[in-house]
Amino acid sequence: MDFSYSDEQRMLKDMVDRLVADQYTFEARESIRTSEAGFSAEVWQQFAELGLLGVPFSEAAGGFDGGGAELMVVSEGFGRGLVLEPYLSTVVLCGSLIDRLADETRRAELAEGIIGGETRYALASHEPDGGYDPHWVRTTARAEGDGFVLDGHKAVVVHGDSADRVIVIARSSGEIDSAEGLSAFIVEADADGVHRRGYETIDGHRAAEITLEAVHVDADALLGEVGGAGDALESALERGVVALCAEAAGAMEIACDLTLDYLKERKQFGVPIGSFQALQHRMVDMRMALEKVRSLTFWAACSLESDPAERRQRIAAAKVMVGKAGRLVAEEAIQLFGGMGMMEESAIAHYAKRIVMIDHYLGDRTWHMAALRETLTDTARAA
């Protein structure tokens, strides 16, 4: 497989890299992180003006029809700056669901608000008792009059505290852990019966616990057909995993760079500690871990339209490697920095926390290893 970018993809990469370098210094990020919203509306609008919010959308929805490689380019660039804006939740996860489920007219209408930066979304899919299983859904949707009534509880809804709208995955029928019978509804975040408890996550991002108590929505809140959101949800989450893996690669790259710079500057016995062979070997291990993540992520990104079994294997393999190699880079960076690496004032501490936390979003290393074993077993049996 060719792991090089096309000219258009390189131009996109250069634009994202320049934007992050100019707007997302560590000091600027800290100012954004500690703000009330936890992200910058001005930066979000810049993303819209530069067309970044339309990259993954199909041309029919008003986007640029970007594929997995484009998604990787943008997400990796955002990882280098530890970008806090709700790109994953709004554009990647919810945007994918809208693109897959909404009819042509509705899709263009909803995508316009996202691409223009006017409307932010959050995906409320996972539940407290379901762990990482996106199909374990107790939240119910029952038909009533000309609409539906939603009841349930959603956990760790990324950027759910500041979203204008929430796409709620609810069960219309089927067993509690079945992929069948799942429906997707667009719910106004301030609707009656919607209760949000927002908080900052360990890595500086924002999330919310969302409770729905007899929330009435109109019929047009339903995306697609009743009970028909299972496949689209799987596709959206797969894109989300690829975006997270790419973001981890970007964050790991900067963590390696910061650690190398520190080894060159920090002196012991009158010489830079980077001259010690043992530390050089550890630095090489960090770089090798980065390249493993980057290669597997590119492989997964280019497989989003592949055969389902093959696609699931590659995406699971990439997420497993992020969990393993990402933790190695984070831990080695902290150890090589010593006490400085544990301080909130030190950028490396924030990169390490983000890298480790990415392992826990949309399924951790153990969850995806089990999925990888299952797909490999199924493939072997079919052969």
Check: Arg197 side chain, Asp161 main-chain N or O, donor-acceptor pair, under 3.5 Å: no
Nearest-0.5 Å distance, CD1 of residue Ile167 to CG of residue Leu123: 6.5 Å
Note, Leu82 side chain near Arg33 side chain (heavy atom, < 4.5 Å): no
Linked hydrophobic residues, Val156 as query - side chain contacts closer than 4.5 Å: Tyr199
Residue pairs, two or more places apart or on separate chains, that pass ring pair (Phe, Tyr, Trp, His ring centres under 6.0 Å) and touch residues 246-268: Tyr262-Phe337
Non-hydrogen side-chain atoms of Glu76 and Lys13 separated by less than 4.5 Å: no
Any pair counted as salt bridge (charged side-chain N to carboxylate O under 4.0 Å, His left out), so long as it reaches residues 50-74, sequence neighbours left out: none
Backbone N/O of His135 and side chain of Asp177: donor-acceptor pair under 3.5 Å: no
Residues clustering with Val166 (ILVMFWY side chains joined when closer than 4.5 Å, directly or via others): Phe148, Leu150, Val157, Val168, Phe185, Val187, Val194, Ile210, Leu212, Val215, Val217, Leu222, Val226
Any Ile169 side-chain heavy atom under 4.5 Å of Thr139 side chain: no
Other ILVMFWY residues reachable from Ile176 by side-chain steps of under 4.5 Å: Trp136
Asp190 atom CG, neighbour heavy-atom count above 12 within 6.0 Å: yes
Salt-bridge present (Glu291, Arg287; N to O < 4.0 Å): no
Connected via hydrophobic side-chain network under 4.5 Å: Met11 and Leu50: no
Interatomic spacing from CE in Met321 to CG in Leu296 - rounded to 0.5 Å: 5.5 Å
Flag, side chain of Thr375 to backbone of Leu372, donor-acceptor distance under 3.5 Å: yes
Val55 side chain near Leu71 side chain, heavy-atom distance below 4.5 Å: no
Donor-acceptor contact below 3.5 Å, side chain Ser183 vs main chain Gly227: yes
Inter- and intrachain pairs under side chain to side chain donor-acceptor pair (under 3.5 Å), touching residues 112-125, at least two apart: Tyr121-Arg165
Residue pairs involving residues 319-332 (criterion side chain to side chain donor-acceptor pair (under 3.5 Å); sequence neighbours excluded): Arg282-Glu332
Pairwise ring pair (Phe, Tyr, Trp, His ring centres under 6.0 Å) hits with a residue in residues 25-60, at least two apart: Phe26-His350, Phe47-Phe78
Arg294 side chain vs Gly250 backbone, donor-acceptor pair below 3.5 Å: no
Salt bridge (charged side-chain N to carboxylate O under 4.0 Å, His left out) partners of residues 216-232, not counting sequence neighbours, each pair once: none
Flag, side chain of Arg142 to backbone of Val149, donor-acceptor distance under 3.5 Å: no
Side chain to side chain donor-acceptor pair (under 3.5 Å) evaluation trace for Glu180 with Ser178: CA-CA 5 Å; Glu180 303 297 325; Ser178 172; 5.8 Å; no
Side-chain ion pair, Asp22 and Arg18, N-O less than 4.0 Å: no
Residues Ser303, Glu310; criterion side chain to side chain donor-acceptor pair (under 3.5 Å); working and verdict: CA-CA 8 Å; Ser303 304; Glu310 185 177 75; 5.4 Å; no
Exam field: side chain His159 to backbone Leu84, donor-acceptor pair closer than 3.5 Å: yes
Other residues, nucleotides, ligands: >12 heavy atoms within 6.0 Å of Asp192 CG: no
ILVMFWY network linking Leu263 to Leu258, side-chain heavy atoms under 4.5 angstrom: yes
Under 3.5 Å side-chain donor-acceptor pair for Arg206 and Ser162: no
Any pair counted as side chain to side chain donor-acceptor pair (under 3.5 Å), so long as it reaches residues 84-96, sequence neighbours left out: Tyr24-Glu85
Polar side-chain atom of Ser235 near backbone of Ala232 as donor-acceptor pair, under 3.5 Å: no
Common cluster, Val284/Ile254, ILVMFWY with side-chain heavy-atom separation under 4.5 Å: no
More than 12 heavy atoms of other groups within 6.0 Å of Glu175 CD: no
Stepwise salt bridge (charged side-chain N to carboxylate O under 4.0 Å, His left out) check, Glu109 with Arg106: CA-CA 5 Å; Glu109 174 193 340; Arg106 183 77 167 137; 3.3 Å; yes
Minimum side-chain heavy-atom gap Pro56-Val91 below 4.5 Å: yes
Pairwise salt bridge (charged side-chain N to carboxylate O under 4.0 Å, His left out) hits with a residue in residues 234-246, at least two apart: Glu234-Arg312, Glu238-Arg311, Arg239-Glu305
Salt bridge (charged side-chain N to carboxylate O under 4.0 Å, His left out) partners of residues 354-363, not counting sequence neighbours, each pair once: Asp203-Arg354, Glu247-Arg354
Side-chain heavy-atom pair Asp133, Trp367 within 4.5 angstrom cut-off: yes
Flag side-chain contact, heavy atom, 4.5 Å: Val137 against Lys154: yes
Beyond-backbone contact of Pro272 with Glu265, side-chain heavy atoms, under 4.5 angstrom: no
More than 12 heavy atoms from other groups under 6.0 Å of CD on Gln335: yes
Donor-acceptor contact below 3.5 Å, side chain Arg29 vs main chain Ala347: no
